[in-house]
A.B. asks: 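There's a structure below that I have some questions on.
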Number of protein chains: 4
Amino acid sequence: MADPDSPEPKFRRRAEHRPDELLDAALALFVEKGYSHTSVAEIARKAGVSKGALYLYFPSKQAVLEGLVRRAVSPIAIRAQEAIDIADADLRATLRALLTVIATALGDPKVFAVPKIVIREAVVAPEIAEMYRRAVFDNVLPAGAAIIRRAVAQGKIRPVDPEMTLRSLVGPVIMHLLLSEIFGIEPEGGLALDRLVENHLDILVNGLFPATESHDA
Amino acid sequence: MADPDSPEPKFRRRAEHRPDELLDAALALFVEKGYSHTSVAEIARKAGVSKGALYLYFPSKQAVLEGLVRRAVSPIAIRAQEAIDIADADLRATLRALLTVIATALGDPKVFAVPKIVIREAVVAPEIAEMYRRAVFDNVLPAGAAIIRRAVAQGKIRPVDPEMTLRSLVGPVIMHLLLSEIFGIEPEGGLALDRLVENHLDILVNGLFPATESHDA
Amino acid sequence: MADPDSPEPKFRRRAEHRPDELLDAALALFVEKGYSHTSVAEIARKAGVSKGALYLYFPSKQAVLEGLVRRAVSPIAIRAQEAIDIADADLRATLRALLTVIATALGDPKVFAVPKIVIREAVVAPEIAEMYRRAVFDNVLPAGAAIIRRAVAQGKIRPVDPEMTLRSLVGPVIMHLLLSEIFGIEPEGGLALDRLVENHLDILVNGLFPATESHDA
Amino acid sequence: MADPDSPEPKFRRRAEHRPDELLDAALALFVEKGYSHTSVAEIARKAGVSKGALYLYFPSKQAVLEGLVRRAVSPIAIRAQEAIDIADADLRATLRALLTVIATALGDPKVFAVPKIVIREAVVAPEIAEMYRRAVFDNVLPAGAAIIRRAVAQGKIRPVDPEMTLRSLVGPVIMHLLLSEIFGIEPEGGLALDRLVENHLDILVNGLFPATESHDA
DNA sequence: GATGAATGAGTATTCATTCAT
DNA sequence: AATGAATGAATACTCATTCAT
């Protein structure tokens, strides 16, 4: 500006990426130290801008968190719809695929980070939990239940309660990740997500009890 | 009392129950507003004592939280041991009893409150998560796995992975509570914990798939 | 009390020594941590009594400090008077004796402790400095000046200004101790108080300059 | 100013002199009430800024004190070196000049204030005494000793112990100031620093005793 | 006399947010 | 658009002192 023919600008269009850079910085810091122990100044510094600049893009610190959640959430809703369409093929294979996808996706700390933050802040900022719920669960849960409901209707699986069965399907994965990510509890030899999925599928398919007993329960 | 026209004694001496009263106050506030948004002054006020008095019993705010965890945790470890002793009787009945116990216990907001707080603070105060893990999970998880291992050895259930199967058993309950307590997601008609337990047991017993398919998986 | 014939009491007259025990405890702590960083509770604990008991003997924390000063100060005034009486004998020997006495007395940390504390607190509690001044300096300085004045009158020393000469006599010792006690500056090989005294006396007696010059100044 | 009818700008930007203004305010308050009885809020208020602004320039209250010491100390080290260079000329005149400089410099309450504060805080914050020692004494004392040593070597003064003689030279001035500044003890008719210097020089030059005796000591 | 539980005023430090430049 | 100096409210913790027992 002061020097019109200076070769400096390189690419000055950076500005449009600012919000994303800020969200990246914020995510890293929130994961490391938690939302309330991360200062706005730190976020700005890590993103390489001034504190004031952050307020150009986000009206408040909480808005940054909301932006983070929003960004993480949008792809999920889309995939949920896709899943529903594929599910008709081989159910058992689909199930394995689904659990594996969920498990590996959430197993990636980058991905699990946002729900973890949401859980943390839910008490204090219910509107964030609310937003997450609307964006994620209100899409994913009915979609999942619908898949199950259809499978029941087609006689592919026994007549179970779709909503509750969804919890039976996914709950173990969630618990596994909670134990690992929050309490640092891992089976010997690492996260072992595949071991969990295989064992869980085995139970889902064959039940817990020996064959002779499985019909008179 | 001794002096009927004295204006409320300034010092209500040696309450003996002070620590517990303080923990009660703290629990209520932590649940409502979260740990870091609750001030020491508020805790003291709610417990009806001065700020200074709180520091007579707890050396720091974090120590209050630790006290809370400790208090909530001790009964759990005890029950876990009891469970292991009963488990030999009718496994299927035991299973239903167990899940119901877990579900109703954790379904009580007073009880679920502490783990919820722990999850919130885990990122920032790992020593709290650590304490909880040692006091709860290090007892409960091996105990549960042991029960399953024994049942397998006795041929009462199919040869499954004990550690992972534990997650398959309990995970759905945990997920159900997470959805309900943190995201406010409940099936129509309330928490429906029994519906969850029944459906889950049905799947565990009979598997997910129709009888004809359940043997050739 | 509960057991009237218990042989416990040993000697219950301790009570009369309480104030002194408290002062001992306070002195040790004030020296170690300074007046304002020492809590009343610590003093009481170190003296083996309760906080309340301390307030039975001293109306406030500052009163403890005052008591300390008072106790340290009383012997000084007495000795000052004694010194004046001896001084007539051999002046030069007296001088050496005096400096040595002052130096070794103040060189004892236990003794220097009180003036050190007084210096520390003088700004904040001028009444303590005032007390010290009245009790110590208002006795010692005139006494010292009087000795010098008499010596001048008797022609034993040159006609010097008595008040100022007193500073020339004692100042080096004070400075030596300040450097050592407060800034930790000591000549190689320890405090070397005798080296200081000898050198100082040499200068006082022979002047600083070579003999040939010492008369035409 | 630029906008005459605007109601005092909320932010008086970039004072550039802020640190110095804060140090001035702090010095005044520390002198008046002592370090630990001065609150950060008071310093800020006196300097005309907010509490937060102070923390923009100093990371802690103690850092303010350190800044104060540092600021007071830098000129001293410089002068000490200058003195050494002049000292070769007329020793006796130099001595008078030196003592007068020291005396009048330290006689200015603004200058003596910092060492006084340092002495006060030395017990509690040894790192401050340490800093002062390194910045002042480690320069000044060796420099002074060197001057004396050289004078001895050149036969200009009698063979005295340089380190100790330094205390004999400066100690009386220090003691004089201590008595005056801390205990409020002044000779009739004011501080009388010149009287002290003259009398002290007289003793240094001619010794304390009459001429006839001064050679057979 | 003696105790120690209780009080509550006092204070350093942090940090989201504003706004003159 | 961008800066960063300035604000000031908020908060954990300390400790001299009191007083019911």
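Residue numbering restarts at 1 for every chain, and letters A, B, ... go by the order of the sequence lines.
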A.B. asks: Starting from P on F:dA2, measure out to CZ on A:Phe58 and report it in whole angstrom.
C.D. replies: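 About 13 Å, once rounded to whole Å.
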A.B. asks: For D:Tyr55 and F:dT11, give me the distance from atom OH to atom C1', rounded to whole Å.
C.D. replies: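 After rounding, the reported distance stands at 13 Å.
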A.B. asks: Of all heavy-atom pairs between B:Leu54 and B:Ala44, which one has the smallest distance, and what is that distance?
C.D. replies: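 Nearest heavy atoms, B:Leu54 then B:Ala44: CD1-N, 4.3 Å.
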A.B. asks: Any salt bridge between B:Glu42 and B:Lys46, counting N to O under 4.0 Å?
C.D. replies: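 A salt bridge is absent here (no side-chain N lies under 4.0 Å from a carboxylate O).
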A.B. asks: Picking from F:dA2, E:dT3, E:dT7, which would you name as closest to the side chain of B:Val49?
C.D. replies: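 Among F:dA2, E:dT3, E:dT7, the one nearest the side chain of B:Val49 is E:dT7.
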A.B. asks: Mind checking if B:Ser39 touches a base, just sugar-phosphate, or nothing, with heavy atoms under 4.0 Å?
C.D. replies: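 Here B:Ser39 touches the backbone only, sparing every base.
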A.B. asks: Whole Å only: how far is the CZ atom of B:Arg45 from the P atom of E:dG8?
C.D. replies: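 After rounding, the gap between these two atoms is 13 Å.
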A.B. asks: Would you mind classifying the nucleic acid contact of D:Thr38 as base, sugar-phosphate or nothing, using non-hydrogen atoms under 4.0 angstrom?
C.D. replies: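 The answer is sugar-phosphate, as D:Thr38 gets under 4.0 Å only of primed atoms, P, OP1 or OP2.
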A.B. asks: Counting only side-chain N and O atoms of D:Arg18, is one of them less than 4.0 Å from OP1 or OP2 of F:dA6?
C.D. replies: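 D:Arg18 to F:dA6 OP1/OP2: side-chain N or O found under 4.0 Å.
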A.B. asks: Verify side-chain hydrogen bond (donor to acceptor under 3.5 Å, both in side chains) between A:Gln62 and A:Glu121, making sure each step is shown before the conclusion.
C.D. replies: CA-CA 10 Å; A:Gln62 168 145 329; A:Glu121 303 308 323; over 6 Å; no
A.B. asks: Quick one: on DNA chain E, does C:Ser50 or A:Ala41 contact a more 5' nucleotide (nearest heavy atom)?
C.D. replies: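 Result of the comparison: C:Ser50.
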A.B. asks: Could you tell me whether A:Lys61 sits above the aromatic face of A:Tyr35, with NZ or CZ closer than 6.0 angstrom to the six-membered ring centre and within 45 degrees of the axis?
C.D. replies: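 The answer is yes; both the distance and angle limits are met.
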A.B. asks: Report the distance from atom OH of B:Tyr35 to atom P of F:dT11, rounded to the nearest whole Å.
C.D. replies: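 Nearest whole value for this atom pair: 13 Å.
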A.B. asks: Rounded to whole Å, please give me the gap between NE2 in B:His17 and C1' in E:dA5.
C.D. replies: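 After rounding, the gap between these two atoms is 15 Å.
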A.B. asks: In whole angstroms, how far is the P atom of E:dA16 from the CD1 atom of A:Ile43?
C.D. replies: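 Interatomic distance, CD1 of A:Ile43 to P of E:dA16: 8 Å.
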A.B. asks: Please report the distance, rounded to the nearest Å, between NE2 in C:His37 and C1' in F:dC15.
C.D. replies: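 Going from C:His37 (NE2) to F:dC15 (C1'), I get 12 Å.
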A.B. asks: Partner of F:dA20 by Watson-Crick or G-U wobble geometry, both contacts under 3.5 Å, or none?
C.D. replies: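 With both distances under 3.5 Å, F:dA20 matches E:dT3.
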A.B. asks: So, does B:Lys51 get its side chain near the phosphate of E:dG8, meaning an N or O under 4.0 Å from OP1 or OP2?
C.D. replies: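 Checking E:dG8 against B:Lys51, no side-chain N or O comes under 4.0 Å of OP1 or OP2.
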A.B. asks: When you match B:Lys61 and D:Ala53 each to their closest nucleotide on DNA chain F, which lands nearer the 5' end?
C.D. replies: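 Closest to the 5' end, via its nearest nucleotide, is D:Ala53.
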A.B. asks: In whole Å, I'd like the distance from the CG atom of A:Leu56 to the C1' atom of E:dT17.
C.D. replies: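 Distance, rounded to whole Å: 13 Å.
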A.B. asks: Does C:Tyr132 reach the side chain of C:Val114, with side-chain heavy atoms less than 4.5 Å apart?
C.D. replies: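 Yes, their side chains come closer than 4.5 Å.
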A.B. asks: Check whether any side-chain N or O of C:Tyr57 sits under 4.0 Å from OP1 or OP2 of E:dA2, and answer yes or no.
C.D. replies: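 Yes, such a contact exists.
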A.B. asks: Mapping D:Gly52 and C:Ser60 onto DNA chain F by nearest heavy atom, which one lands closer to the 5' end?
C.D. replies: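 Closer to the 5' end of DNA chain F: D:Gly52.
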